[in-house]
Student: 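Here it is, the structure, as structure tokens.
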Protein chains: 2
Amino acid sequence: MHDVPDIASVARLMGDPTRARMLTALMDGRALTATELSLQGGVTPSTASSHLARLAAAGLTEIVQQGRHRYFRIASPEVAAAIEGLMSIAPRKELRTIIPGPGTDALRRARVCYDHLAGEVAVRLLERLREKKLVSGVDETLALTVNGEAWCERIGIDLVALNARRRRICRPCLDWSERRTHLGGALGAAILDRLMALRYARRVRASRMVVLSARGEAFVERLG
Amino acid sequence: MHDVPDIASVARLMGDPTRARMLTALMDGRALTATELSLQGGVTPSTASSHLARLAAAGLTEIVQQGRHRYFRIASPEVAAAIEGLMSIAPRKELRTIIPGPGTDALRRARVCYDHLAGEVAVRLLERLREKKLVSGVDETLALTVNGEAWCERIGIDLVALNARRRRICRPCLDWSERRTHLGGALGAAILDRLMALRYARRVRASRMVVLSARGEAFVERLG
DNA sequence: TGCATGGTTTGATGGTAATCAAAGCGTGAC
DNA sequence: GTCACGCTTTGATTACCATCAAACCATGCA
């Protein structure tokens, strides 16, 4: 007679291929317009519209109205985490890339995962952080060491501000292309911010792709 | 042209109410027979059979054949984590309890989450561990302190064996009834093991429910 | 005041899949 | 051997829902 979580209703929403493509497209953390999402979903605007309405009604996405555009984005880190959880156990699927171009090799190299870095580079970054003993532990025991805290200050990350947020500092995030963990959480997001501010990394317009400059690549190796 | 995780196929599987009920029933970490699961799903054996076949084919469940019984269980902690992720963002649903009895109030108090303790008691336990400085950090930075390691040895948890496994020691797990994190991971599982071995806790037959003795309740408060 | 653009609503169509009863098939018990 | 039990397969039925075109609404621009 009590209330239990109804996972079927959420899972059902994510279980439609079109909606899943839309959600995946939103996993870079940006807000996309309805038409962009209808393209990503490979479906007409009318169909997309009904899908988007349902995702928003269920609280999976948020809507930001701006002029005659409606921007959709993932509603919360919890939703993003749930999607990541599914990604880590999902089978791989051959997907013919709709938009030809550099393709997914570059995506494997470096991309954005909601709000932090993912891909080979991100996995390597965590590896280096661990080798230099700036973070300790694996997976859930992952934490900044004292040295790591000093390093943060050195490269311009405000740890006090980071700690003030209720968000986890070090969060292991399972990389679906590498099958290894990379660094998420508040620190992961902060590092990506710094990389962009320093022009070591830039995001490629309208995609999850991230390109690192030579200095950026060097930073990942030398961490300074 | 590359392969990407196909979250739709997994989500679709979890998106059917019957299958979702079956998976939820399996979240206590035990293996259940096909008939038990058909009851949980509220469906005829034939229907249940086809559902279970699909879950197994997708790698969400494992099958253990024993005599003329077939036992099903969640295939891996990753699958359990994905389900927990969905639970944390799923809407609540009024469910008329099929089997009358103590109901879900006791479930809120203490229950098993795959292989570790969940519910009010589990949240309180983590709170106490943190107050006593046996674990530090929040969420993803969660880790055993030096004092915490000593405490483990004292109550009979073999840390060496724990570290030998590839599994994370401290894993924060979002409690769907409390909306706060409790302790999962290898340590969470080990603590539940000890509680049961010491007869401080016992599982209630055929449910996720866990009952703590007075000594068990005291243990959670005093941690020794 | 128009017109174009972005987005939603409506209604009809089709395909998918959940369901059950009944029959089939092993395994274990007698 | 034969019976019972646990589970699966088959086949038919049904309900749902993703989809699109066309009409509609609303916003911004000229």
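Computed from a predicted structure; not experimentally measured. Letters A, B, ... mirror the listed sequences (proteins, then strands); counts begin at 1. Hydrogens, waters and symmetry mates are skipped; everything else that's a heavy atom, side chains included, is used.
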Student: Does D/dA18 have OP1 or OP2 under 4.0 Å away from a side-chain N or O of A/R54?
Tutor: yes
Student: Do NZ/NE/NH1/NH2 and the carboxylate oxygens of B/D28 and B/R111 come within less than 4.0 Å?
Tutor: no
Student: Among D/dT8, D/dT19, C/dG6, which nucleotide has an atom closest to any side-chain atom of A/H69?
Tutor: C/dG6
Student: Please state how far atom CG in B/L52 lies from atom P in D/dT8, giving the value in whole angstrom units.
Tutor: 7 Å
Student: Under 4.0 Å between a side-chain N or O of A/T47 and OP1 or OP2 of D/dA18?
Tutor: no
Student: From C-beta outward on B/R12, which listed nucleotide comes closest to its side chain: C/dT19, C/dT16, D/dC20?
Tutor: C/dT16
Student: In whole Å, I'd like the distance from the CE atom of A/M22 to the P atom of D/dA18.
Tutor: 11 Å
Student: For C/dT19 and B/T44 - does any side-chain N or O of the residue sit under 4.0 Å from the phosphate oxygens OP1/OP2?
Tutor: no
Student: Please work out if A/T18 contacts a base, only the sugar-phosphate, or nothing of the nucleic acid, heavy-atom cut-off 4.0 Å.
Tutor: sugar-phosphate
Student: Answer yes or no: does a side-chain N or O of A/H51 lie under 4.0 Å from OP1 or OP2 of D/dT19?
Tutor: yes
Student: For B/L32 and D/dG6, give me the distance from atom CG to atom C1', rounded to whole Å.
Tutor: 15 Å
Student: Rounded to whole Å, please give me the gap between CG in A/L37 and P in D/dA18.
Tutor: 16 Å
Student: Considering heavy-atom distances to DNA chain D, does B/S49 or A/R19 have its closest nucleotide positioned more toward the 5' end?
Tutor: B/S49
Student: Nearest to the side chain of B/D16 - D/dT19, D/dT8, C/dT19?
Tutor: C/dT19
Student: Tell me whether the OP1 or OP2 atom of D/dT27 has a side-chain N or O from A/R70 closer than 4.0 Å.
Tutor: no
